[in-house]
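Here the structure is a predicted model, which is why all the values come from computation and not from measurement. Order of the sequence lines fixes the chain letters, A, B, ..., with proteins taken first and strands second; residue numbering starts at 1 for each chain.
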There are 2 protein chains.
Amino acid sequence: MMKLTPQRQAILDIINASHRHWDADELARAMSDAGQSIGIATVYRGLAALESQGLIDSIQLADKKRYESADKAHHDHMVCTECGHIEEFSHQTIEQLQLAAAEEKGFTLTGHQLVMFGLCRQCNQAQGT
Amino acid sequence: MMKLTPQRQAILDIINASHRHWDADELARAMSDAGQSIGIATVYRGLAALESQGLIDSIQLADKKRYESADKAHHDHMVCTECGHIEEFSHQTIEQLQLAAAEEKGFTLTGHQLVMFGLCRQCNQAQGT
DNA sequence: TGATGTAACGATAATCGTTATCATGCTCAA
DNA sequence: TTGAGCATGATAACGATTATCGTTACATCA
Ligand SMILES: [Mn+2]
Ligand SMILES: [Mn+2]
Ligand SMILES: [Zn+2]
Ligand SMILES: [Zn+2]
């Protein structure tokens, strides 16, 4: 078991207090802004520790890893390529069919990540026709 | 339109001649081994150019981008976390349900990537019970 | 033919997210 | 009280990718 130090607790609190998907740098900056500065290495180690304990979840985007609260049911993500907005969705049938597809290939699944890219509703409208 | 230089043609040939998923370094090494050395920057630029023309496809894995032939129908990937083997699969219903999920959120899809992680058939057996 | 413009090349520096190193600080069981 | 062991933070190192820049290949035009 790991130790829930003040730094790790603070990271966990920030993540749990919002529905955002945070990267390491944003968390360090948020803590700094809140007067509780933290070393960037400590952020990375804390995130890894919290995730290994299942206290937070992550998604690996092209450039960086982003973390979110684990207090939500499993879901996947749509990322707006215009504004960066991340929309969540879950689809039970898709999940089931993934299991079936894996079984068909002899794969034992430990995880998956489905990311869809496109324009969110707002950016769609801003774009016009 | 871009120019299909000897370097880019060679990259394209290597990718099309196999079913592998290549990273930039592997391609540079393969060309070097074949007696046609190439600058690593040229590999990256060539890959970007070829992909923008739709001549090759790519998948973004955690650490690096991998490229494959575009002479295949769209498919998604299972990655073995033990041996690195990449298995391809396609599931028409999953694709359709993705479109439905996007529409429901007001997203206009431009792409998606579904990657499943786990143990491939071989590594499953090697593991035993 | 030869000047000139444009795009690609290749070596290498720079960037960026992440991990490793290491000296220092805390904490808790003996 | 003490010391083993884990956490922290500054910073170096790393790996993939991109930027820079001088050089080269090639096409166009005087
Ligand atoms: Mn999410
Ligand atoms: Mn493939
Ligand atoms: Zn948007
Ligand atoms: Zn395997």
A/Gln7 side chain to A/Thr42 side chain, donor-acceptor N/O pair below 3.5 angstrom: no

Heavy-atom side-chain contact between B/Ile94 and B/Asp76 under 4.5 Å: no

Value in whole Å for how far the C1' atom of D/dG15 lies from CD of B/Gln60: 13 Å

Residues touching DNA chain D, which here means a heavy atom under 4.0 Å, drawn from residues 41-52 of chain B: B/Ala41, B/Tyr44, B/Arg45

Side-chain donor-acceptor contact under 3.5 Å, B/His75 with B/Glu68: yes

A/Leu119 and B/Thr110: CA distance, side-chain angles, deciding distance, side chain to side chain contact (heavy atoms under 4.5 Å, CB included) verdict: CA-CA 8 Å; A/Leu119 290 185; B/Thr110 55; 5.6 Å; no

Lys/Arg N to Asp/Glu carboxylate O, B/Asp25 vs B/Arg29, below 4.0 Å: yes

Whichever of A/Lys3 and B/Ile38 has its nearest DNA chain C nucleotide further upstream toward 5': B/Ile38

Interatomic distance, A/Arg8 CZ vs D/dA7 P [rounded to whole Å]: 5 Å

Test item: B/His85 and B/Gln122 side chains (from C-beta on) under 4.5 Å apart, heavy atoms: no

Nucleotide D/dC26, atom P - distance to CD of B/Gln7 in whole Å: 10 Å

Nucleotide D/dA16, atom C1' - distance to OH of B/Tyr67 in whole Å: 11 Å

Donor + acceptor pair across side chains of B/His19, B/Glu88 (<3.5 Å): no

Rounded distance in Å - CD (B/Gln36) to P (C/dC9): 11 Å

Whole-Å distance separating the CD1 atom of B/Ile40 from the P atom of D/dT17: 9 Å

Rounded distance (Å) that lies between atom P of D/dT8 and atom CG of A/Leu4: 10 Å

Pair B/Lys64 + B/Glu26, salt bridge at N-O below 4.0 Å: no

A/Thr5 vs D/dT8: side-chain N/O to OP1/OP2 distance below 4.0 Å: yes

Which atom of B/Phe107 lies closest to which atom of A/Asn124, heavy atoms considered: C-ND2, 4.2 Å

Nucleic acid contacts of residues 11-35 of chain A, taken as heavy-atom distances under 4.0 Å to DNA chain D: none

